[in-house]
Amino acid sequence: MEVGLILGTGNAKYRVDIEMIKAAESMGFHSVWTSEAWGADAITPAAWILGQTTKIKVGTGICQMQARSPALMATTSMTLQAMSGGRFILGLGPSGPQVIEGWHGRPYGKPLELTEEYVSIVKKVVARKEPLTHEGTHYQIPYMGEGATGMGKPLKTVLHPEHDLKVYSASVSPGGIRNAAKVCDGVIPVYMDPSNYESIGVYIDQGFEQADGNKSLDDFDVCPFVTMSVHDDIEKARVPVKENMGFYIGGMGSKKKNYYKEYATRLGYGEQAQAIQDAFFGGRKAEAFAMVPDELVDKVALVGPAGHIREQLSVWKDAGRKRQVNAMLCRAGSIEAMEILAKELL
């Protein structure tokens with residue numbers, strides 16, 4: 001099983017700790033991952049990191065699809081691949097209506113159809129077998145709708161790709177995971193309990209079946225986000241994980257539709273997830289964060305003293321041996337944490 005390093009979206013001032021990334025590269029880490037919300041973008045730091053490293057792969061976790069046309073995303077990916085010797089991984093996601101409609105001013109649409117169309121177009125561009133055409137709900141290429149000149153024609157990229165491009169989808173809903181298994185090369189399920197693979201595995205298998213049964217875990221990557229918090233006091237170690245999970249379960253979405261709340265429910269914590277959301281929307285955020293169960297944190301994250309984390313890693317190692325997890329994408333936060341991962345897994 002491989003190990004990746006997650007950077008996060010950044011705050012008011014964006015910076016990349018290139019020394020930590022170079023340390024990860026020297027330790028044998030597989031990849032480093034950028035992301036975007038409504039601040040720094042994911043592509044600029046990815047290019048910057050690729051330009052200052054030689055071996056480690058760089059992925060986006062994730063790029064918001066509606067923010068870029070699929071053809072632009074394809075050519076951006078091919079350019080990064082060409083300039084880095086094939087070290088770029090494209091991670092995509094539909095984000096949510098709050099961001100897409102509230103920030104980008106684009107219709108959220110139907111995320112599953114959007115993902116399938118978007119990935120199809122990206123892969124057609126990279127394959128370069130024929131001029132690009134597409135007729136779908138979200139994209140029409142060439143465009144012939146309202147305002148069109150009628151002069152658009154199918155084009156084939158003039159850039160000849162020398163490297164394959166892996167495309168991952170960040171998904172937590174059953175339909176999203178199923179769709180990722182059908183059309184993508186991997187899935188980023190955000191949280192994952194490695195002892196309960198079936199909570200996502202059943203949908204991965206369904207996606208393989210929809211792909212005409214010619215896919216399996218041998219050629220599909222499962223790469224969950226795993227937060228790591230090293231501290232001699234396990235209660236204090238859980239705090240940043242609870243704050244993150246409480247924010248997503250409680251407030252990432254509307255009260256009617258929150259994929260993270262639904263995911264926590266599928267993991268067996270439905271009653272607690274509802275209480276977290278009620279507290280969050282009631283303005284009691286600290287209370288919502290505190291409600292995240294210790295047991296859930298310990299299942300999906302690596303927290304506590306170094307020795308305890310090494311014990312937790314045994315479950316992840318077992319999932320790796322079964323090929324149920326290809327890479328742990330870790331929010332490590334410190335060199336000490338990275339050294340534990342390197343020693344135990346690499």
Side-chain angles (χ1 to χ4, degrees), residues 1-7 16 18 20-36 41-65 68-93 115 118-130 132 155-170 180-181 183-188 214-225 320 323 325-330 338 342 345-346:
M1 182 170 58
E2 305 286 0
V3 181
L5 180 67
I6 302 171
L7 298 185
V16 172
I18 194 65
M20 176 173 280
I21 292 169
K22 289 182 176 180
E25 183 174 48
S26 68
M27 292 178 192
F29 274 53
H30 168 267
S31 52
V32 58
W33 293 76
T34 64
S35 57
E36 60 189 20
D41 77 302
I43 293 295
T44 304
W48 195 75
I49 295 165
L50 286 167
Q52 299 189 69
T53 54
T54 59
K55 296 180 294 184
I56 198 166
K57 295 180 183 294
V58 178
T60 54
I62 50 125
C63 281
Q64 299 160 353
M65 288 185 289
R68 304 168 181 85
S69 75
L72 173 61
M73 193 72 263
T75 55
T76 298
S77 300
M78 290 191 301
T79 305
L80 290 173
Q81 284 286 71
M83 296 180 71
S84 68
R87 291 188 289 126
F88 179 68
I89 303 170
L90 176 58
L92 298 169
T115 300
Y118 200 101
V119 173
S120 173
I121 295 168
V122 168
K123 287 183 173 288
K124 284 180 182 178
V125 172
V126 175
R128 205 180 175 275
K129 292 182 179 179
E130 57 189 8
L132 177 63
L155 298 171
K156 183 190 295 186
T157 175
V158 298
L159 179 62
H160 291 234
E162 297 179 4
H163 306 281
D164 292 334
L165 175 68
K166 282 195 172 185
V167 181
Y168 293 174
S169 173
V183 303
C184 296
D185 304 298
V187 65
I188 304 172
N214 59 359
K215 293 180 71 174
S216 71
L217 288 176
D218 290 336
D219 46 27
F220 184 79
D221 299 333
V222 178
C223 305
F225 284 175
R323 298 193 61 79
V325 175
N326 299 80
M328 294 171 54
L329 309 183
C330 293
M338 290 163 52
L345 299 175
L346 302 179

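This is a predicted model, so every value here is computed, not measured. Heavy atoms only: backbone and side chains are in, while hydrogens, waters and symmetry mates are out.
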Run the salt bridge (Lys or Arg N to Asp or Glu O under 4.0 Å) test against E2 and tell me which residues pass, sequence neighbours left out. none

If you take all heavy atoms of M65 and T115, which pair is closest and at what distance? CE-OG1, 3.2 Å

Any side-chain heavy-atom pair from L92 and Y118 closer than 4.5 angstrom? yes

Give the intermediate values and the outcome of side-chain contact (heavy atoms from CB on, under 4.5 Å) for residues M20 and L5. CA-CA 9 Å; M20 176 173 280; L5 180 67; 4.1 Å; yes

Step by step, would you call L50 with V58 a side-chain contact (heavy atoms from CB on, under 4.5 Å)? CA-CA 7 Å; L50 286 167; V58 178; 3.5 Å; yes

Can you measure from OG (S35) to CD1 (I62) and round to the nearest 0.5 angstrom? 8.5 Å

Short question: side chain of T44, backbone of D41 - any donor-acceptor pair under 3.5 Å? no

Between T60 (side chain only) and G91 (backbone N and O only), is there a donor and an acceptor less than 3.5 Å apart? yes

Does some side-chain heavy atom of V32 sit less than 4.5 Å from a side-chain heavy atom of L7? yes

Considering non-hydrogen atoms only, spot the tightest contact between V119 and V183 and give its length. CG1-O, 3.4 Å

Quick one: does V16's side chain get under 4.5 Å of I49's, heavy atoms only? yes

K215 and F220: which non-hydrogen atoms are nearest, and at how many Å? NZ-CD1, 4.1 Å

Quickly, which of M73, K156, M78 forms a side chain to side chain contact (heavy atoms under 4.5 Å, CB included) with V125? Name it, please. M78

Under 3.5 Å, is there a donor-acceptor pair between the side chain of S216 and the main chain of D218? yes

To the nearest 0.5 Å, what is the distance between CG (D219) and CG (N214)? 8.0 Å

Measuring from W33:CH2 to C223:SG, what's the distance to the nearest 0.5 Å? 6.0 Å

Of all heavy-atom pairs between T34 and A42, which one has the smallest distance, and what is that distance? OG1-O, 2.8 Å

Could you check whether any side-chain heavy atom of P224 comes within less than 4.5 Å of a side-chain heavy atom of V325, counting everything from C-beta outward? yes

To the nearest 0.5 Å, atom CG of D185 lies from atom CG of L90 at 9.5 Å

Search all heavy atoms of A46 against all heavy atoms of F88 and return the closest pair with its distance. CB-CE1, 4.4 Å

Pairwise side-chain hydrogen bond (donor to acceptor under 3.5 Å, both in side chains) hits with a residue in residues 79-89, at least two apart: T53-R87

Minimal heavy-atom distance between S31 and L329, with the atoms involved, is OG-CD2, 4.2 Å

Please round to the nearest 0.5 Å and tell me the distance separating atom CD of E25 and atom CD1 of I21. 9.5 Å

Output a table of donor-acceptor pairs, distance under 3.5 Å, between side-chain atoms of residues 161-170 and any protein atom two or more places apart or on a different chain; print 'none' if there are none.
| unit_1 | atom_1 | unit_2 | atom_2 | d |
| --- | --- | --- | --- | --- |
| K166 | NZ | D221 | OD2 | 2.8 |
| Y168 | OH | D221 | OD2 | 2.6 |
| S169 | OG | S171 | OG | 3.0 |

Once you round to the nearest 0.5 Å, how far does CZ of R68 lie from CD1 of I43? 5.0 Å

